[in-house]
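One-based numbering, in listed order, for ligands and for the atoms of each. Computed from heavy atoms alone, side chains included, the values below leave out hydrogens, waters and symmetry copies.
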Amino acid sequence: MNINKLCRGTLAPSAAIVFLAVVSAVLEQCPLRALADSQPVDRPWMDKTLSPDRRADLVLKEMTLDEKIGFVHGNGMPGWGSPRPNAYLGNGGAGFVLGVPRLGIPMIQMSDAAYGVRSSGENGRYSTALPSNLAAASSWDVQAACAYGALIGRELRAQGYNMTLGGGVNLTREPRNGRTFEYQGEDPILAGTLVGSRMKCEQAQHVMGDMKHYALNDQESGRNEVNVIIGKRAMRESDLLAFQIGIEIADPAGVMCSYNAVNGDFACENKYLLTDVLKKDWNFKGFVLSDWGGTHSTVKASAAGLDHEEPMDDFFGEKLKQAVESGKVPMSELDEHVHRILRSEFASGIVDDPVRKSVVDVEGGFETARRIAEQSIVLLKNDQGILPLDRAKLHSVAVIGPNANTSMISGGGSAQVDPPGHPATKWKEHVWFPTSPLKAISAKAPGVTVEYDSGVDRSTAAALAKKSDVAIVFAYQWTSEDFDLPSLSLPDNQDALIEQVAAANPRTIVVLETGSAVTMPWLSQVSGVLEAWYAGSKGADAVANILFGEVNPNAKLPMTFPRSEADLPHTHLVMPPPEAQDRSAVMKTGEAKPTFEVHYDEGLKVGYKWYDAENKPVLFPFGYGLSYTTFSYSGLKVNPGSETTVSFAVKNTGSRAGEEIAEAYASLPASAGEPPKRLVGWSKVYLNAGESKEVSVAVKPLYLSIYDEASNSWKLLPGSYAFMVGGSSQNLPLVQKVDFK
Ligand code: BGC
């Protein structure tokens, strides 16, 4: 058999299928072989001194129409419809795109990689599960975001992928959204900065980046048929601003358009979103790829700015070819799509540094996962200094909660990372990662009696709590793509469990493993609360390090925890009409229409901006998080200029070293008609006990501006601005007013 032919996809499909099993080991190297054998080093576009755009133009000139069409669509995904004859060329990921071997252009092998590389188990490989994206956002730490991206980039390459489908940055407009854990919270400046930092470092590993889901895919219920109604100013200042900032930082190869429609047009054929804003206003140079099955037309989508269809070729295969041949889609438009993809391949380094499979650095991954988890776990309550636990005074600890003896929960859907030895996790399966709170706590407390109760029987759990010095309850909320939470309550009667345990022993600490906010009817009865989110491969070690004070917590909430659903902008989720449940067949005909509307009338009042504007008290505000030490703030100075500088001093007033996330907010002049305040910057400061440091936060004009619909531009209004600084959105001791001319 001619392996090279097979690798290049030129072997007859039937013959390829016959030999599939035999050559699986060889296929591991296929994309690499095909490329290595045919790399035309002497071709002009291989000159690395040329710009990615120039190199792309040179390749484009050589491509045939079929090669171009092959570039603008995927070739199937395992489990999605019937496999294509060329399916064997895929690497097991969510999508792959044929390259042009004769021109030295590699295949694009894509994998989902939200908090780690997905589906490693299915292809016999291993990946690190980092803390969820929302968890990592709680670190407010651009270096941690960079380490996060770099690790995923390395592991993608080690597994033979050269494109990530990570980088989710939809704002937490609706905390019941099942994908909240995949995103970066409710503030556009925080979320955009973090996703940009992550993606910049991920791409630095020579993988193509992606940001998703563009845009306003802020609920999962009816995501394929919902029409989001929202004003331009509101979207530009909220959800779109997060993308704008992230794209500016990272220059990602791809932006994935979302399933939903926005103001009448599906996102993947929405000219305003794709062309007017993304490509023109933001000067995005990469390519737009559809979410899987999110393409609904050929001519309209192409003209609107969709460059690439995934995972198949329903609209951008034969139909696009015919449209080009008949002149309905100009060749220049197809060339533009191909150019954007090629340009991104050169810019990201996947042509010059082709991917080679290698072994994942498991220990290195553990170390990074633990460190980021330690920076991500938010201390929400600590009465009478119950934490950190004092080993010297402790005789017995009760560890309570489902699976707390073995594992911690992870987030599901296409973000799911397979745990080691657990191949092919199923859609909607609750996946518990092997990181044992019981073991990690026992290891920290030699000589202390540590006992476990699953909490299935509340009375035995309460009895164990009663005879123990302290009870630690691990509570979980599982969330996933494809559905939303019915409420923000902990599932499975866990509230009742916590109440009963706390009634038996008020020295109860609750550790939350959640994908979003939860309500806490038991809050006043417990002594401590730690929000550990989905804490990843080394979550239990990180939790134990914080419980026993080896790490001083410093994370802060990237989203508000409301008191109840009644306080949310949408007290009830808007659900799709029953007849609209399965429209996948209809969608392929190109006659798909959104079937119901969600009106985001809260507009730019997302998250804390809503609660501030509506005067609604919250359970825990945006930006909130405790430390084992305390901090004070003084000496605010605001210096307006091309960038406004906000400087102040932070002092560690406690008795141990710690890190403070110092937050700066601004109120705009009344004429702006904005919510009471917005985050404009922050700084993370490490301080020894008693130490004080001067901190300076540079605020870009954009962060103080409003989007003016009449002129379609950002405006920095004249008038009186108030700058506020402190440790959370509701604890801002320093205020200074400044007039902008
Ligand atoms: C998700 C995307 C994901 C894609 C491929 C879609 O259902 O919305 O986030 O990248 O599937 O798995």
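- Every residue two or more places apart in sequence or in another chain that forms a side-chain hydrogen bond (donor to acceptor under 3.5 Å, both in side chains) with S138 is listed here: W533.
- Residues passing the side-chain contact (heavy atoms from CB on, under 4.5 Å) test with P175 are T172, L488, S516, M559, L568, sequence neighbours excluded.
- Contact check on D265 versus K300 returns a salt bridge, with a Lys/Arg side-chain nitrogen under 4.0 Å from an Asp/Glu carboxylate oxygen.
- Residues K212 and N217 have side chains that never bring a donor and an acceptor to within less than 3.5 angstrom of each other.
- Ionic pairing of K319 and D314 is not present here: no N-O contact between side-chain nitrogen and carboxylate oxygen is shorter than 4.0 angstrom.
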Would you mind listing each N/O atom of ligand 1 next to any protein N/O under 3.5 Å, plus the distance?
from	atom 1	to	atom 2	distance (Å)
ligand 1	7 (O)	Y259	OH	3.0
ligand 1	7 (O)	E481	OE2	2.7
ligand 1	8 (O)	R179	NH1	2.8
ligand 1	8 (O)	D291	OD1	3.2
ligand 1	8 (O)	D291	OD2	2.6
ligand 1	8 (O)	E481	OE2	3.4
ligand 1	9 (O)	R179	NH2	2.9
ligand 1	9 (O)	K212	NZ	2.9
ligand 1	9 (O)	H213	NE2	2.7
ligand 1	10 (O)	D112	OD1	2.6
ligand 1	10 (O)	K212	NZ	3.2
ligand 1	12 (O)	D112	OD2	2.4
ligand 1	12 (O)	R118	NH1	3.4

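- Contacts classified as salt bridge (charged side-chain N to carboxylate O under 4.0 Å, His left out) and involving residues 284-294 (residues at least two apart or in different chains) are not found.
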